[in-house]
Amino acid sequence: MTTTGGRQREYTPDKGNIVTVLSIDGGGIRGIIPATILAFLESKLQELDGEEARLVDYFDVVAGTSTGGLLALMVAAPDQNNRPLFAAKDLAKFYLDHAPKIFPQNLAIISDLMNIFKMIAGPKYDGKYLHSIIQDYFGQLKLHDTLTNVVIPTFDIKILQPTIFSNFTLKYKPLKDALLADIAIGTSAAPTLFPAHYLETKDDKGNTREFHLVDGGVAANNPTLAAMTHVTREIVSGNNQFFPIKPTDYNKFLVISIGTGSNKIEEKYTAQEVSKWGTFGWLNRKGASPIIDIFNIGSADMVDIHLSALFQALRSEESYLRIQCDALTGTTSSTDDSSMENMQKLVQIGNDLLKKPVSRVNIETGLFEKILGAGTNADMLTSFAKKLSDERKIRRANVLGRNKELLV
């Protein structure tokens with residue numbers, strides 16, 4: 001049996017037919033969008049396998065950056081009964097309950113002035129409330145305790161390198177076995193919004209390592225490629241937990257990648273306009289931070305274009321589902337507008353995305369285009385749920401078969 005941190009997994013992934021990956025983008029308060037979609041997916045799994053079914057029962061890897069990293073850990077971390085801390089239906093409620101204290105809002109009349117002052121003086125938010133609730137939920141749980149493999153990108157500002165926390169690396173990098181609370185705080189430490197996060201780990205030999213972390217979105221706002229890279233490396237190494245598979249057999253993968261939305265395609269800035277900007281222009285313009293938008297949207301789009309091209313080239317398009325809204329406007333494009341009105345809009349955007357046709361990025365234009373005959377995102381998620389359920393049944397049957405053999 002495969003184990004994770006001493007906990008015996010319900011099934012082993014080494015005798016199934018596919019490798020399953022769930023990935024969630026970063027985007028602050030816009031994490032409500034994937035939270036809504038994940039609730040739908042889990043409800044479909046429960047229709048097939050019962051009310052106790054949870055997302056973590058079906059995915060070999062759950063990846064997430066920033067707010068997506070927090071969501072990934074919320075569904076992968078165990079409670080006292082060795083079941084996920086959160087059911088997917090409770091994820092959006094987490095934001096609705098806590099976001100107003102994570103992102104406290106100023107009165108509209110003074111908000112712009114206050115934001116500018118805060119950006120000069122330091123991070124816009126002190127992060128104390130976010131840190132406290134994360135620590136309350138995750139306690140002393142560590143990376144090795146997760147119920148399935150996770151891949152959580154962060155960025156170490158001291159060495160100017162991405163730092164990815166993943167169960168796959170623990171066997172040769174034990175000093176990455178950090179507290180889940182520290183990983184969640186680190187991947188969510190968005191520059192200009194929250195302070196950077198320092199943590200130190202120690203292994204059983206007394207060796208220590210320090211981390212100086214900021215939001216993983218500056219390197220991998222869409223963590224799908226990071227997840228696929230870790231899985232591929234595990235397969236190539238020959239010392240992996242998956243069934244025999246060639247790294248190019250992308251039809252043996254099932255990948256669901258969920259975005260947090262991006263601005264509606266329009267002329268937002270011009271070269272003439274930005275050529276006049278100084279530091280504050282790049283940090284605060286039209287109620288947004290253009291430099292952060294460039295990092296987040298640019299890196300996420302590049303990942304999606306690369307993966308779409310790869311799955312198409314390997315004739316495995318049906319194995320990859322990307323759900324993303326590229327038409328956010330007004331407050332819904334904000335990463336920190338925690339007004340109840342805006343959060344309800346984000347819930348609605350998530351529900352509306354389910355009704356929209358399955359789309360795939362055009363690798364020439366970067367725009368999402370409808371796939372004829374593919375149905376809606378809800379249709380595709382329902383189809384994927386059936387595949388996930390069938391895969392789980394195969395794995396559980398294999399486990400039962402091996403156990404019977406041992407008893408003979």
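With a 4.5 Å cut-off on side-chain heavy atoms, P162 and P153 do not count as touching. Counting heavy atoms from C-beta on, the side chains of T36 and N351 come closer than 4.5 Å. Using a 4.5 Å heavy-atom threshold, the side chains of F165 and V151 count as separate. The shortest side-chain heavy-atom distance between K44 and L381 does not fall under the 4.5 Å cut-off. A heavy-atom distance below 4.5 Å is not found between the side chains of T148 and V61. Within the 4.5 Å cutoff, no side-chain heavy atoms of I371 are placed close to those of P357. Inter-residue side-chain proximity for L179 and Q135 is flagged as unmet; no heavy-atom pair is nearer than 4.5 Å. Using a 4.5 Å heavy-atom threshold, the side chains of L38 and E42 count as separate.
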Set out, in order, the CA-CA distance, both residues' side-chain angles and the distance that settles side-chain contact (heavy atoms from CB on, under 4.5 Å) for L180 and K142, then state yes or no.
CA-CA 5 Å; L180 295 184; K142 287 190 169 184; 5.7 Å; no
Check step by step if salt bridge (charged side-chain N to carboxylate O under 4.0 Å, His left out) holds for E52 and R83.
CA-CA 9 Å; E52 296 304 311; R83 295 297 290 151; 5.4 Å; no
If you apply the rule side chain to side chain donor-acceptor pair (under 3.5 Å), what do you find for S262 with D326, and how did you get there?
CA-CA 5 Å; S262 61; D326 59 1; 5.8 Å; no
I256 vs Y320, test: side-chain contact (heavy atoms from CB on, under 4.5 Å). Steps then yes/no.
CA-CA 6 Å; I256 300 175; Y320 175 65; over 6 Å; no
CA sep, side-chain torsions, deciding dist, call: H144, N167, side chain to side chain donor-acceptor pair (under 3.5 Å)
CA-CA 6 Å; H144 73 256; N167 309 73; over 6 Å; no
Apply side-chain contact (heavy atoms from CB on, under 4.5 Å) to L45 and L55, showing your working.
CA-CA 8 Å; L45 293 168; L55 293 171; 4.1 Å; yes
Show the numbers, then the answer: is there a side chain to side chain donor-acceptor pair (under 3.5 Å) between S339 and Q105?
CA-CA 7 Å; S339 65; Q105 304 295 292; over 6 Å; no
Applying side-chain contact (heavy atoms from CB on, under 4.5 Å) to F94 and D90, what does each step give before you reach the verdict?
CA-CA 6 Å; F94 170 87; D90 297 323; over 6 Å; no
Given the rule in the salt bridge (charged side-chain N to carboxylate O under 4.0 Å, His left out) test, do D390 and K386 qualify, once you have shown the distances and angles that lead to the verdict?
CA-CA 6 Å; D390 290 344; K386 181 63 167 61; 2.8 Å; yes
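Centroid-to-centroid, the aromatic rings of F194 and F103 come within less than 6.0 Å. Taking the six-membered ring where the residue is Trp, the centroids of Y198 and F211 are separated by 6.0 Å or more. Ring centroids of F86 and Y137 are separated by less than 6.0 Å, placing the two rings close together. A ring-centre distance under 6.0 Å is not found for F384 and Y58.
To the nearest 0.5 angstrom, S316 atom OG is 8.0 Å from D249 atom CG. The structure places CZ of R54 at 11.5 Å from CG of L85, a figure rounded to the nearest 0.5 Å.
With hydrogens and angles ignored, the 3.5 Å screen pairs a side-chain donor or acceptor of D177 with a backbone N or O of L143. Between the side chain of T163 and the backbone N or O of F155, no donor-acceptor pair lies under 3.5 Å. Side chain of T65 to main chain of A220: a donor-acceptor pair is present (N/O by atom type, distance under 3.5 Å, no hydrogens or angles). A donor-acceptor pair under 3.5 Å links the side-chain atoms of T187 to the main chain of S66, judged by distance alone. No side-chain donor-acceptor contact under 3.5 Å links S188 to the backbone of I185. In this structure, T270 contributes its side chain and E273 its backbone to a donor-acceptor pair below 3.5 Å. Panel note: side chain T232, backbone M228; a donor-acceptor pair is recorded below 3.5 Å. For S319 (side chain) and F253 (main-chain N/O), a donor-acceptor pair under 3.5 Å exists by modelled atom type. Looking at D156, its side chain does come within 3.5 Å of a backbone N or O of K158 through a donor-acceptor pair. Side-chain atoms of D136 do not come within 3.5 Å of backbone N or O of I133 as any donor-acceptor pair.
Of all heavy-atom pairs between D215 and P191, the closest is CB-CD, 3.8 Å. Nearest heavy atom pair, residue T260 against residue Q324, reads N-OE1, 3.4 Å. Nearest heavy atoms, G27 versus T67: N-CG2, 3.4 Å. Summarising the geometry of S334 relative to D337, their closest heavy-atom pair is OG-N, 3.1 Å, with the distance given to 0.1 Å. Contact record, S23 with N222: OG-OD1, 4.0 Å, taken as the closest heavy-atom pair. Heavy atoms only, all atoms of each residue included: G259 and P34 are closest at O-CD, 3.7 Å.
Every residue two or more places apart in sequence or in another chain that forms a side chain to side chain donor-acceptor pair (under 3.5 Å) with D203 is listed here: N207. Listed by chain and number, the residues in a side chain to side chain donor-acceptor pair (under 3.5 Å) with Q344 amount to none (sequence neighbours excluded).
A salt bridge does not link K387 to E318: none of the charged side-chain nitrogens sits closer than 4.0 Å to a carboxylate oxygen. Here R395 pairs with E391 in a salt bridge; the nearest charged N to carboxylate O distance falls below 4.0 Å.
R322 and S257 share a donor-acceptor pair across their side chains, judged by distance under 3.5 Å alone. Side-chain atoms of T331 and N342 include a donor-acceptor pair closer than 3.5 Å.
N377 pairs in a side chain to side chain contact (heavy atoms under 4.5 Å, CB included) with only one of the listed residues (I323, T382, I37), which is I323. The only option from D25, L353, L22, I33 that meets the side chain to side chain contact (heavy atoms under 4.5 Å, CB included) definition with I258 turns out to be L22.
The neighbour count for K370 NZ, taken as heavy atoms of other residues, nucleotides or ligands under 6.0 Å away, does not exceed 12.
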